[in-house]
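Every number for a ligand or one of its atoms is a count from 1 in the order of the listing. These numbers were taken from a predicted model, which means no experiment stands behind them.
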Amino acid sequence: MHLRTKKENLMLSKSIKIIFSCLLLTACSQSEDISPSNATDVILEVDPTLFIPAGLVGTITKVEKTLSNGTTTMCYKITTSKTPTDHVMGPWCPTNATDDASKGGLWFEKGNIYDVDGAFVKNLATFYNDSKWNLIRSDGTIKVTNTKEACQAAARPDVDPQYNNYCVECQPTYFSNIKLTYYIPVKPIKTNGTTTLGGGAPGGMVGVAFNGINFDPPAPTQAILGAYTLAPMDDAGGHVNGATGYHYHAATGKSKKVEQSDGHAAMIGYAMDGFGMYELLDKTNKEPTDLDACRGHYDTTRGYHYHVAKAGSNSFIGCFHGAQGSVEITTN
Ligand SMILES: [Zn+2]
Ligand SMILES: [Zn+2]
């Protein structure tokens, strides 16, 4: 009986490895034709079943669209009426100096998040070290915009001076006719370079939560504060404007999330380039340490994906690493 020597065994296992990797290489070089990403990268398609049907107008369909890099490809067409079905909206502004945190929303400052209760509003002159802050009338009530016209005049970039020193809130009912249609590439296309936020889609949208609400670029807090106004977010990190209706500036864990079986942070939606958006912290409350400038990184389970910034930082991701889809807004 011929016993194989150690060397022969090694050669045999080497040749099996070579055959195996050739098979892999063949499979990979085919996918290389479709995508400019590394041949070995896992690229996950968008999963349309993760969206909450009750938050959508009609069903999700596939249509051909041109992405931000000029590539024409199949996109999911997702239309939403901008009403979250997985949490309540508001409140935003407390109405009295004695109101507790349950009567108001949240405000961001220097990366931190604050409850906007009556005491917070009363303390603004101290908080911002500026005596011009004064949102409270002598009877203890707080000046709050309470019509569509007032909220629009107070929320425009050059705030109407009569609404200086107001807490600004727009009710969702003022803009209930707004519908958003997102076109998100079925299979994300990673680009070599990155794209800064703010361009492309109307309002420079960052992405969409599973309930159909948009993740917006940073709120213009300096313009808001410059007019001695506050425009609080609710406890879900959202508020309303006349451009896109209800939208998010922070992920506070209130909208649908998809838990990950390996302890990775939960998924909360998709960015406009079709890459997944995940919470900041994993099951052990740790932040990823290898994020790129876009706040993205790669693993073989999820492919390239983003981790949103801390609530209070007034941002979600740093830039896009993929070719972005587009958004259409209708108001009928
Ligand atoms: Zn906003
Ligand atoms: Zn991750």
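Geometry note: the Zn ion (ligand 2) is the vertex, His307 NE2 and His264 NE2 are the arms, and the angle is 100° (rounded to 10 degrees). If you put the vertex on the Zn ion (ligand 1), NE2 of His247 and NE2 of His249 sit 100° apart, to the nearest 10°.
Proximity of a side-chain donor or acceptor of Asp160 to a complementary backbone N or O of Ala153 within less than 3.5 Å is not detected.
Inter-residue side-chain proximity for Phe175 and Tyr246 is flagged as unmet; no heavy-atom pair is nearer than 4.5 Å.
In terms of distance to the Zn ion (ligand 1), the nearest N, O or S atom of His239 is named NE2.
The residues Lys122 and Asp117 are annotated as not salt-bridged, no charged nitrogen and carboxylate oxygen being separated by less than 4.0 angstrom.
For the pairing with Glu279, the side chain to side chain donor-acceptor pair (under 3.5 Å) check across His307, Lys257, Gln260, His264 returns one residue only, Lys257.
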